[in-house]
2 protein chains.
Amino acid sequence: MTVTLADVAARAQVSPATVSRVLNGNYPVAASTRARVLKAVDELDYVLNGPASALAAATSDLVGILVNDIADPFFGIMAGAVQSEIGGPGGRAGGERLAVVCNTGGIPERELTYLTLLQRQRAAAVVLTGGAMEDGGHQAAVAAKLRKLTEAGTRVVLCGRPPAPDTGAIALTFDNRGGGRELTEHLIGLGHRRLGYIAGPEERTTTRHRLEGHRTALAAHGIEEDPRWTVHGRYDRQAGYEATLELLRRDPTLTAVVAANDTVALGACAALRDSGLRIPDDVSVAGFDDLPFSIDAVPALTTVRLPLAEAGARAGRVAMGREDAPAGGIATVRGELMVRGSSGRPRG
Amino acid sequence: MTVTLADVAARAQVSPATVSRVLNGNYPVAASTRARVLKAVDELDYVLNGPASALAAATSDLVGILVNDIADPFFGIMAGAVQSEIGGPGGRAGGERLAVVCNTGGIPERELTYLTLLQRQRAAAVVLTGGAMEDGGHQAAVAAKLRKLTEAGTRVVLCGRPPAPDTGAIALTFDNRGGGRELTEHLIGLGHRRLGYIAGPEERTTTRHRLEGHRTALAAHGIEEDPRWTVHGRYDRQAGYEATLELLRRDPTLTAVVAANDTVALGACAALRDSGLRIPDDVSVAGFDDLPFSIDAVPALTTVRLPLAEAGARAGRVAMGREDAPAGGIATVRGELMVRGSSGRPRG
DNA sequence: TCTTACATAGAAAGCGCTTGCTGTACGGCT
DNA sequence: AGCCGTACAGCAAGCGCTTTCTATGTAAGA
C-alpha cells in the first residue's frame, strides 16, 4: 500500500487536515507543527495523490498544449516556450504545473479528442498552437469545445492561430498574410515577375493566409498570376522537393519559388540543385518561419522570421493569468522579413 | 454546475453504477440500457471527471515522456513516435491515453521534479528519452525514483538512454559508442589522421559514449590524440560554430571535424565556410543522428543515422505492454553510418 | 413444477484529499 | 478579574467515480 495523507498525519501526530494545509501552504500552521509534518513527509517519502487532490479541490495543475507535429521545430519551439512559462518545475511561480503536449498530427478528430481528454482532466489551461483546419463542421465543433472549456474555467489561448470568436479563447495570431505579402514584395522588388508558390495543405488557415498575402503582393504590382504557378503539398521537405519539380515542369521560366515554410523551402532548394539550377542566380527561393536551420542552408534562406519563442512564452503567461490578455482578446504577432542569400535579382 | 455521472443516470433512469459500466465497457449491460445511457450522455454533453475516475479506480491514463529539449527534433521525433503508439486518440488500442511531454531542459532537478509530478499523477507509464546526466548523486536519486515508480506499477522505459540497473526500468539503448567508432573509422579510412572532435556537454552519457567511440577508433589505428583536438560545448549550432573556430585556432592543420550531433555539425560547417575553408576539400565534417535537415546541408552531411522514430515507437509499445520487453530488460539499438558529401579524402 | 444458474441492475462503501465550520488556548483589553 | 480577538488544530462532510456484493427477473435443467 502506498503512503497516504493519513499516514503522514499519524506519524506527525496531527490531523490530516493539518498535513494538507502544510502541503498547500494556504492556511496558517505553527512553525513547529509544520516542521514535524515536513519531517514525517520526508521520512515516509510521501507523494501527494494527484487525482484525489484534484477531485477534492476541483482544480488541476495540468496545462494542455496542442501541436500539429511535435517533431517539427516550429511547434517544438512554441511548445517549449509555453512550457517554460507555465511555472512547471523551474518556473518560480507557485505550484508545479504539468504541461501536457498533445500531438494532433493535423488530424481534426484527434484535435477534438485531445480537447475532450483535457476537459476530462479538468485542465487548468489549454494552448492551441499553429494553424487551424478549415473544415466547417470541425471548426464549429472545436469552437463549441473551446466554449465549454472556458465556461468551465479553463483558460484557453490560441498561439499562432486565428481567433475563435465567442469562445472566450484568447488569440495571439501570426500575421501570416502580412508576412507573405512582404516576402513576395521583396522578390518583386528584386525584379521577379514569374514566381512559383508552394503552398501547404489545403484547408488550413496558415496555408491560405500566406498564399493570400503572396497574391495580394502580386496584385498590388499588377502581376497576373498563372494558375500553374501554385502547387499544394504537405509541410515537409519531400513535398517541397516534388512540388518544385512539378513547378519547373509546368513553367521552366520561373525565376523564383516561394515556399509555405522553411522546411518546404529546403526541399525546393534540393530539387533546384538536383535540376542543375543555381540559387539565387537561376532561381531565388524564399521560406517562412525562420527556423534555426534556415540560416545554415546554402545559400542562407530568405524568409519571414516569426517570433515563435516569444509568442509561445507570452501564450504561456496569458494562460497562467500571469499576463493580461490583449485588448479584445486578440493580438497580432508580426513577422520580420529576413533577406539572405537565397534571393537575388532574376537572371537577364 | 457541471454534469455528473448521477445526472446522466437520472436522465437515463438507471443507477450511476450502470452508467459507469456503460462508459467503461467492462461489465455486461443490456443493449437497450446501454443505448439509453449513451443517449443521455450525448444529450447532456457529459464528460467524465478524470481525477474522480482515477481516484476511484486507482489508475490513470496519463503517460509521461521526458525529453531534454522539446525544440530539438531529436527529441521531437522520439516523442512523437512514442505518442503515436501509446494509443492516444488515433491509436486504435483501448482507452484513450494522454501523453504528457515534459521538457527537462537537461536540468537534473527538473527531471526529478517531473518524475515526482508524474508519480503524483499516478502515471500509467513513463518514457525517459535521451542521454542521462552523469552527476552521481543525481543518478542515484533518479534511480530511486524510477524504482518507486515501477514498484507502484508504473511501467518505465528508457529510450536512447543507458540502462538503470535494479530499477525495473526497461532500456532501449542507443549504441553511441559503436556509432562514434564507425564514423571515425570511416574518416580514418579516407586517410584522415588529424581529427578535431566537438563533444557535447560534459557529464552526459551520450557525450561520453560518442567520444569514447571516437577515441577507440583512433587508438585502434594507432593515432595518438592531441588533447587540443577535443572541445566541449552545448548541443546546438552556435556551440558548434564557436568550437570549430577554437579548433581551427588550436590546430589549423586539422583535416576533419567530428561533431557530437548534426546540429553541432551544421554550426561547424558554417564556421568552416566563414573561415574560407571548403567542405570536404579542405576539411571533412561528420555529424550524428541523421536528423531530417542533415541531408539538406551543402554538402550533405556524413553522419550516423539513429532510428529515432522506430525506437520511440517501440518504447511506446513496450510502455503500453503491447510488446514484450527485450530479454534482460535491455536492448541495444544500433546506428547506421551514412556516408555523404561532407566527408572526403584529406588534401594532399 | 421447482430448483439452479445466469444475466443484469442497484445499493453502498470507499478512493485520498480539501475545506467550512467548530473548538480551544492564549494574550491583551477594559 | 472577566471578555474578546487571534492563532491554530481538528471534525466531518463531501468531491465524482468505481466496484464489490446483493437483489431480481428469467431461462434452463430435473
Side-chain angles (χ1 to χ4, degrees), chain A residues 1-38 40-41 44-62 95-96 117 119-124 152-153, chain B residues 1-38 40-41 44-62 95-96 117 119-124 152-153:
Chain A
M1 210 47 213
T2 61
V3 182
T4 71
L5 236 211
D7 298 331
V8 176
R11 181 164 244 258
Q13 316 233 55
V14 296
S15 72
T18 301
V19 177
S20 169
R21 301 205 254 248
V22 167
L23 260 23
N24 291 299
N26 51 9
Y27 195 86
V29 173
S32 63
T33 311
R34 173 192 315 282
R36 204 141 33 87
V37 169
L38 257 17
V41 165
L44 294 177
D45 230 343
Y46 171 69
V47 174
L48 195 66
N49 182 315
S53 156
L55 172 59
T59 63
S60 130
D61 49 9
L62 245 49
E96 319 262 299
L117 239 34
Q119 183 184 2
R120 173 178 304 179
Q121 298 297 333
R122 306 298 188 253
Chain B
M1 211 44 215
T2 62
V3 182
T4 72
L5 234 211
D7 298 330
V8 175
R11 181 163 243 258
Q13 317 233 54
V14 296
S15 72
T18 300
V19 177
S20 170
R21 300 204 256 245
V22 167
L23 261 23
N24 291 300
N26 51 9
Y27 194 87
V29 172
S32 62
T33 312
R34 174 194 314 284
R36 203 142 33 87
V37 170
L38 256 19
V41 165
L44 294 176
D45 231 341
Y46 171 69
V47 174
L48 195 67
N49 183 315
S53 156
L55 172 58
T59 65
S60 129
D61 48 9
L62 247 49
E96 320 260 300
L117 239 35
Q119 182 184 4
R120 172 178 305 181
Q121 297 298 332
R122 306 300 190 251

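Proteins come first, then strands; the chains are lettered A, B, ... in the order of their sequence lines, and each starts at number 1.
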Only counting residues at least two apart or in another chain, list the ones meeting side-chain contact (heavy atoms from CB on, under 4.5 Å) with A:A40.
A:V8, A:R11, A:A12
The complete set of side chain to side chain donor-acceptor pair (under 3.5 Å) pairs with one or both residues in residues 49-62 of chain A, sequence neighbours excluded, reads A:D61-B:Q121
Output one line per pair: protein atom, nucleotide atom from nucleotides 18-20 of chain D, and distance, for all N/O pairs under 3.5 Å.
{"from": "D:dT18", "atom 1": "OP1", "to": "B:N24", "atom 2": "ND2", "distance (Å)": "3.0"}
{"from": "D:dT18", "atom 1": "OP2", "to": "B:S20", "atom 2": "OG", "distance (Å)": "2.5"}
{"from": "D:dT20", "atom 1": "O4", "to": "B:R21", "atom 2": "NH1", "distance (Å)": "3.2"}

Between C:dT18 (P) and A:D61 (CG): distance, integer Å:
11 Å
One pair to check against side-chain contact (heavy atoms from CB on, under 4.5 Å): B:R122 and A:V47. What are the steps and the verdict?
CA-CA 10 Å; B:R122 306 300 190 251; A:V47 174; 4.2 Å; yes
Taking for each residue the nucleotide of DNA chain C bearing the nearest heavy atom, is the 5' side occupied by B:R122 or by B:P28?
B:P28
Please tabulate, one pair per line, all N/O donor-acceptor pairs under 3.5 Å involving side-chain atoms of residues 16-26 of chain B, not counting sequence neighbours.
{"from": "B:T18", "atom 1": "OG1", "to": "B:S15", "atom 2": "OG", "distance (Å)": "3.3"}
{"from": "B:S20", "atom 1": "OG", "to": "B:N24", "atom 2": "ND2", "distance (Å)": "3.4"}
{"from": "B:N24", "atom 1": "ND2", "to": "B:S20", "atom 2": "O", "distance (Å)": "2.9"}

Whole-Å distance separating the CG atom of B:L55 from the P atom of C:dG16:
7 Å
Which value, rounded to the nearest 0.5 Å, describes the distance between B:L117 atom CG and A:L62 atom CG?
8.5 Å
Whole angstrom value for the distance that separates P of C:dG16 from CG of A:L44:
15 Å
If I take atom CG in residue B:N49 and atom P in nucleotide D:dG14, what distance separates them, rounded to the nearest angstrom?
18 Å
Can you list everything that forms a side-chain contact (heavy atoms from CB on, under 4.5 Å) with A:A30? Sequence neighbours excluded, please.
A:S32, A:T33
Does the side chain of B:T33 get closer than 4.0 angstrom to OP1 or OP2 of C:dA9 through an N or O atom?
yes
